[in-house]
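To start, the structure itself, in structure tokens.
Naming: A, B, ... by sequence-line order, numbering from 1 per chain.
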Protein chains: 2
Amino acid sequence: MHKFDELDMKIITELSRDGNTSVPHLSKKLGVNTSVLYSRVKRLVKKKLIKKFTIVVDESLIGIGVRATMGINRDPKLKDQIHKALLKTPEIVSISEVTGRFDILLTLRARNLEELHTVAIEKIGKIEGIQNTETFVELQKTDKDAVYTVTE
Amino acid sequence: MHKFDELDMKIITELSRDGNTSVPHLSKKLGVNTSVLYSRVKRLVKKKLIKKFTIVVDESLIGIGVRATMGINRDPKLKDQIHKALLKTPEIVSISEVTGRFDILLTLRARNLEELHTVAIEKIGKIEGIQNTETFVELQKTDKDAVYTVTE
DNA sequence: CTTGAAATGAATTGTCC
DNA sequence: GGACAATTCATTTCAAG
């Protein structure tokens with residue numbers, strides 16, 4: 001995979017930090033011509049290295065006070081219908097099938113611990129085929145800024 | 001917290017989906033005046049409900065073949081220095097302190113299983129005060145689009 | 001306070017080197 | 001890939017409802 005070079009990595013690193021900078025501004029920062037940067041960004045979007053532009057929302061400001069990860073074991077025969085049921089649960093943010101002690105790891109958000117508890121017991125715990133759940137309530141989270149480099 | 005209304009929620013939902021739409025375009029979609037939308041977006045950024053604009057990168061295209069979650073138990077006395085050591089490990093994407101069976105959940109990325117294994121054993125496992133680790137390799141992940149609504 | 005439109009300024013595209 | 005000119009678009013401002 002030699003499709004992307006160092007400049008591409010710099011572009012996605014910068015856009016990860018601030019996806020709203022204008023191309024002319026970024027071109028000055030990176031010391032490349034604006035025309036070049038326009039075609040690069042367009043290419044990165046076209047090749048899907050940039051999947052999408054988005055925003056990061058501070059959910060604590062709109063009443064989301066609790067985030068948690070939940071480990072789940074399930075009946076393998078009911079895999080698909082469980083996945084569908086999880087998709088329908090609005091408090092679930094992501095669903096990962098994993099190796100190891102659990103079959104699935106979920107990321108959840110809720111207004112408070114009580115609501116989280118209700119979701120865990122009343123909604124997720126009652127999905128047919130879910131054998132046991134274990135909840136890890138997030139106390140503090142640190143996200144790192146992604147820095148991309150050429151690796152191959 | 002009655003600071004944000006339905007229009008604000010629509011704005012952040014749309015910008016989550018596409019953080020690159022122009023304000024005039026969005027104003028047509030939402031049926032509100034551009035002037036209104038300009039002041040709204042500015043306010044949302046100022047109030048930090050929109051933490052930042054960013055991009056989503058498809059890491060599989062640049063050689064990141066494996067993602068995993070790792071549960072860790074640690075010596076509580078060495079909490080801070082462990083956190084620092086984890087911050088320095090480039091393969092670690094996020095660090096969450098949690099309740100339950102583990103003290104910390106990490107998100108990791110690596111080029112392949114071998115590299116993940118090396119990071120787990122040689123880097124993370126050798127940090128002083130880390131008592132045991134358990135790795136959950138991601139086989140398949142589903143992320144949901146966030147949809148924000150007024151909740152209070 | 002809200003809307004819309006006009007004026008400004010900046011971003012984007014295309015062309016040529 | 002780089003420079004520039006032509007164009008299009010976003011943004012601010014202002015005036016009227």
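Straight-line distance from the CG atom of A/L37 to the C1' atom of D/dG2: 13 Å, rounded to whole Å. Rounded to an integer number of Å, the gap from CZ of A/R40 to P of C/dT12 is 18 Å. Computed from coordinates, the A/Y38 OH to D/dT7 P distance equals 17 Å when rounded to whole Å.
Not one N or O on the side chain of A/K48 forms a donor-acceptor pair closer than 3.5 Å with the backbone of B/D58. A donor-acceptor contact shorter than 3.5 Å links the side chain of B/T54 to the backbone of A/S16.
Partners of A/K51 under the side-chain hydrogen bond (donor to acceptor under 3.5 Å, both in side chains) rule, at least two apart in sequence or in another chain, do not exist in this structure. Partners of A/D75 by side-chain contact (heavy atoms from CB on, under 4.5 Å), not counting sequence neighbours, listed by chain and number: A/K77, A/L78, A/Q131. Listed by chain and residue number, B/D5, B/I11, B/L30, B/V32, B/V36, B/R40 satisfy the side-chain contact (heavy atoms from CB on, under 4.5 Å) test with B/L7 (two or more places apart in sequence, or in another chain). When the side-chain contact (heavy atoms from CB on, under 4.5 Å) test is applied to A/S35, the partners found at least two apart in sequence or on another chain are A/N33.
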Could you list, one pair per line, each protein nitrogen or oxygen that sits under 3.5 Å from a nitrogen or oxygen of nucleotides 1-5 of chain C, together with the distance?
residue, atom, partner, partner atom, Å
C/dG4, OP2, B/N33, ND2, 2.9
C/dG4, N7, B/S35, OG, 3.3

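Between A/K79 and A/D103 there is no salt bridge, since no side-chain N of the basic residue sits under 4.0 Å from a carboxylate O of the acidic one. Between B/K141 and A/E97 there is no salt bridge, since no side-chain N of the basic residue sits under 4.0 Å from a carboxylate O of the acidic one.
Looking at residues 8-27 of chain B, you'll see B/S22, B/V23, B/P24 sit with a heavy atom under 4.0 Å from some atom of DNA chain D.
Side-chain nitrogen and oxygen atoms of A/K42 include at least one within less than 4.0 Å of the OP1 or OP2 phosphate oxygen of C/dT13.
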